[in-house]
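Notes follow the structure.
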Amino acid sequence: DYLEVNWDVTAAQKDGYPHFMIKEIHEQPTAITRTITPRIKDSLPYFEDDNIPDSFFEDISDITVVACGTAMYAGMVGKALLKNKFGIPVSVEIASEFRYEQPVLTDRSMVIFVSQSGETIDTLEALRLANKYTKKTLSIVNVKGSTIARESNYVLYTHAGPEIAVASTKAYTVQVASFYLIGCKLGLVSGRMTKEEAKTFIENLQEVPNLIESVITQAPEIEQLTKRMTNATNAFYIGRGLDYALSMEGALKLKEISYIHAEAYAAGELKHGTLALIVSGVPVIVLATQMDVYDKTVSNLQEVKAREAVVIAIGFEGDTSLEKYADHVIYIPRTDKYLAPLMAVLPLQLLAYYAALTRGCDV
Ligand code: BG6
């Protein structure tokens with residue numbers, strides 16, 4: 001037996017970019033295309049080449065997503081999608097907590113493990129524990145033949161290529177993209193989604209790599225914006241629904257590489273605790289892509305603006321009303337609201353990257 005590793009040496013070189021992180025940010029459209037294309041047939045999710053039968057997705061009572069760090073935050077977006085679009089009960093567990101707790105799982109529970117490396121020990125031990133309760137374990141892993149991939153019942157490999165930067169970027173987007181495919185399959189198998197709805201959803205997903213390119217072209221403006229963050233000691237990321245799920249990853253990225261303390265808050269929760277920390281000059285990144293809660297989010301934006309925060313809003317193209325309240329607006333192309341995190345994550349990664357550079361941190 002042999003295992004073919006389909007990565008080459010050039011994938012592990014900087015290729016003219018100053019840092020691996022920015023190279024990997026730019027690689028995201030390709031990484032998404034490579035991850036989703038083999039799993040789509042006639043505009044529907046297709047896992048036959050991964051040897052995952054449809055029966056695996058049948059009769060699921062609940063889903064638990066277990067992971068660490070950025071991979072866990074990808075699970076947060078997965079949860080918001082699966083729960084809100086498909087009505088499936090989903091919880092996201094930190095692997096280092098899950099493995100020492102009493103799992104509440106049955107043989108109808110699906111447990112999804114997310115890991116770029118496939119070797120993170122807490123995630124692996126959590127998998128070994130879950131394997132004692134259910135045969136429905138699935139891993140979303142980037143490294144072929146890694147331990148988590150081998151020990152889970154099924155594996156969906158992401159095709160991001162080697163991720164060298166410590167701050168994860170492209171691995172996150174392909175993990176999130178994988179959740180859309182899984183969600184669609186679950187929706188179809190459970191009858192919660194019609195074929196027509198699934199096709200439209202998948203076709204919109206296929207558009208994402210092209211649309212992301214236009215977000216990346218805004219890098220110079222985003223770099224300018226980070227000058228407003230250079231002296232910050234605290235920053236906040238707020239949003240509702242899928243925006244809140246994404247804001248956790250945005251805050252982590254900033255903390256990890258710029259060493260500015262950052263917190264993600266569900267926009268409606270800010271007033272119940274730490275609004276007092278929003279003082280003059282504190283950067284607040286407001287994610288406003290979820291239209292069903294848009295007015296609520298904008299009212300939270302006004303609350304932080306009233307406290308003289310520096311507000312950077314991220315919204316859909318054409319939503320010029322954000323400019324009335326925010327200091328700066330970064331636009332992403334209009335898309336299905338569930339797909340917005342795949343695009344809104346780009347400005348968050350770029351903000352973190354340039355904020356770190358501006359502060360002289362070693363990216
Ligand atoms: C952390 C990394 O140590 O591990 C994060 O800094 C990563 O970027 C986390 O998300 C989990 O790693 P993995 O390989 O299980 O996805």
Side-chain angles (χ1 to χ4, degrees), residues 24-47 49-50 74 76-78 80-82 84-86 140 142 156-161 169-188 192-219 221-222 239 241-243 245-246 249-250 287-292 294 313-320 322 329-350:
E24 290 165 7
I25 288 173
H26 278 86
E27 283 172 350
Q28 291 178 106
T30 313
I32 296 175
T33 304
R34 278 207 308 257
T35 299
I36 65 173
T37 307
R39 278 80 185 228
I40 296 171
K41 197 173 186 183
D42 302 327
S43 299
L44 290 171
Y46 169 84
F47 295 133
D49 293 348
D50 300 288
M76 289 288 187
V77 175
L81 169 81
L82 293 168
N84 295 315
K85 190 161 175 70
F86 302 106
I140 300 175
N142 196 42
L156 204 62
Y157 282 114
T158 51
H159 299 305
T169 53
K170 61 178 180 172
Y172 173 87
T173 40
V174 293
Q175 288 159 354
V176 171
S178 303
F179 273 107
Y180 291 101
L181 295 171
I182 293 168
C184 226
K185 181 58 100 178
L186 281 163
L188 280 167
R192 289 183 177 98
M193 194 182 209
T194 66
K195 259 190 178 178
E196 285 319 303
E197 284 167 337
K199 283 187 174 180
T200 308
F201 191 65
I202 293 284
E203 282 161 12
N204 286 334
L205 176 65
Q206 286 173 302
E207 294 283 306
V208 166
N210 274 339
L211 298 173
I212 283 181
E213 299 280 6
S214 74
V215 184
I216 295 179
T217 60
Q218 297 177 57
E221 293 96 83
I222 294 173
L242 273 87
D243 283 337
L246 174 60
E249 171 57 11
L287 292 151
T289 70
Q290 300 298 299
M291 288 305 142
D292 42 350
Y294 180 82
I314 298 174
F316 282 131
E317 263 161 16
D319 181 8
T320 46
L322 284 174
V329 185
I330 303 171
Y331 291 108
I332 59 165
R334 267 187 197 277
T335 182
D336 181 299
K337 70 169 191 168
Y338 289 104
L339 293 169
L342 275 179
M343 271 180 279
V345 71
L346 268 290
L348 302 185
Q349 295 166 342
L350 290 165

Inter-residue atom distance Ile140.CD1 - Phe179.CZ, 0.5 Å rounding: 4.0 Å

Of the non-hydrogen atoms in Ala288 and Met291, which two are nearest, and what is the gap between them? O-CE, 4.0 Å

Tell me if a side-chain donor or acceptor on Asp42 pairs with a main-chain N or O of Leu44 at a distance below 3.5 Å. no

With no hydrogens and no angle check, do the side chains of Gln28 and Thr173 hold a donor and an acceptor under 3.5 Å apart? yes

Apply side chain to side chain contact (heavy atoms under 4.5 Å, CB included) to Arg39 and Asp50, showing your working. CA-CA 8 Å; Arg39 278 80 185 228; Asp50 300 288; 2.9 Å; yes

Using 0.5 Å steps for rounding, measure from the OG1 atom of Thr35 to the CG atom of Leu156. 8.5 Å

Distance check, rounded to the nearest 0.5 Å: Ile330 atom CD1 versus Ile222 atom CD1? 4.5 Å

Ile314 versus Pro347, closest heavy-atom pair with distance: CD1-CB, 3.9 Å

Heavy-atom closest pair, residues Leu287 and Ala344: CD2-CB, 4.2 Å

Enter the distance from Ile32:CD1 to Leu342:CG here, rounded to the nearest 0.5 Å. 5.0 Å

CD (Gln218) and CD1 (Ile332) are apart, to the nearest 0.5 Å, by 9.5 Å

Note, His159 side chain near Val174 side chain (heavy atom, < 4.5 Å): no

Check Ala160 against Ala31 and note the closest heavy-atom contact, atom names and distance. CA-CB, 3.9 Å

May I have the step-by-step check of side chain to side chain contact (heavy atoms under 4.5 Å, CB included) for Leu346 and Ile212, ending in yes or no? CA-CA 8 Å; Leu346 268 290; Ile212 283 181; 3.8 Å; yes

Using side-chain heavy atoms (C-beta onward) and a distance below 4.5 Å, is Met193 in contact with Lys85? yes

To check you understand the geometry: which heavy-atom pair defines the closest contact between Lys185 and Pro45, and what is its length? NZ-O, 3.4 Å

Relative to each other, are the rings of Tyr180 and Phe201 parallel, tilted or perpendicular (30° and 60° limits)? tilted

Give the intermediate values and the outcome of side chain to side chain contact (heavy atoms under 4.5 Å, CB included) for residues Arg334 and Asp319. CA-CA 10 Å; Arg334 267 187 197 277; Asp319 181 8; 4.2 Å; yes

Please name all residues satisfying salt bridge (Lys or Arg N to Asp or Glu O under 4.0 Å) with Lys337, sequence neighbours left out, ordered by chain then number. Asp292

Could you walk me through whether Tyr172 and Val77 pass the side chain to side chain contact (heavy atoms under 4.5 Å, CB included) check? CA-CA 10 Å; Tyr172 173 87; Val77 175; 3.4 Å; yes

The reported gap from CD in Glu196 to OG in Ser43 (rounded to nearest 0.5 angstrom) is 9.5 Å

Taking every non-hydrogen atom, the tightest pair across Leu205 and Leu181: CD2-CD2, 3.9 Å

Can you tell me which residue pairs pass the salt bridge (charged side-chain N to carboxylate O under 4.0 Å, His left out) test with a partner in residues 205-216, sequence neighbours excluded? none

Have a look at Lys170 and tell me which of Glu24, His26, Glu27, Gln349 forms a side-chain hydrogen bond (donor to acceptor under 3.5 Å, both in side chains) with it. Glu27

Does the side chain of Tyr294 come within less than 4.5 Å of Asp243's, by heavy atoms? no

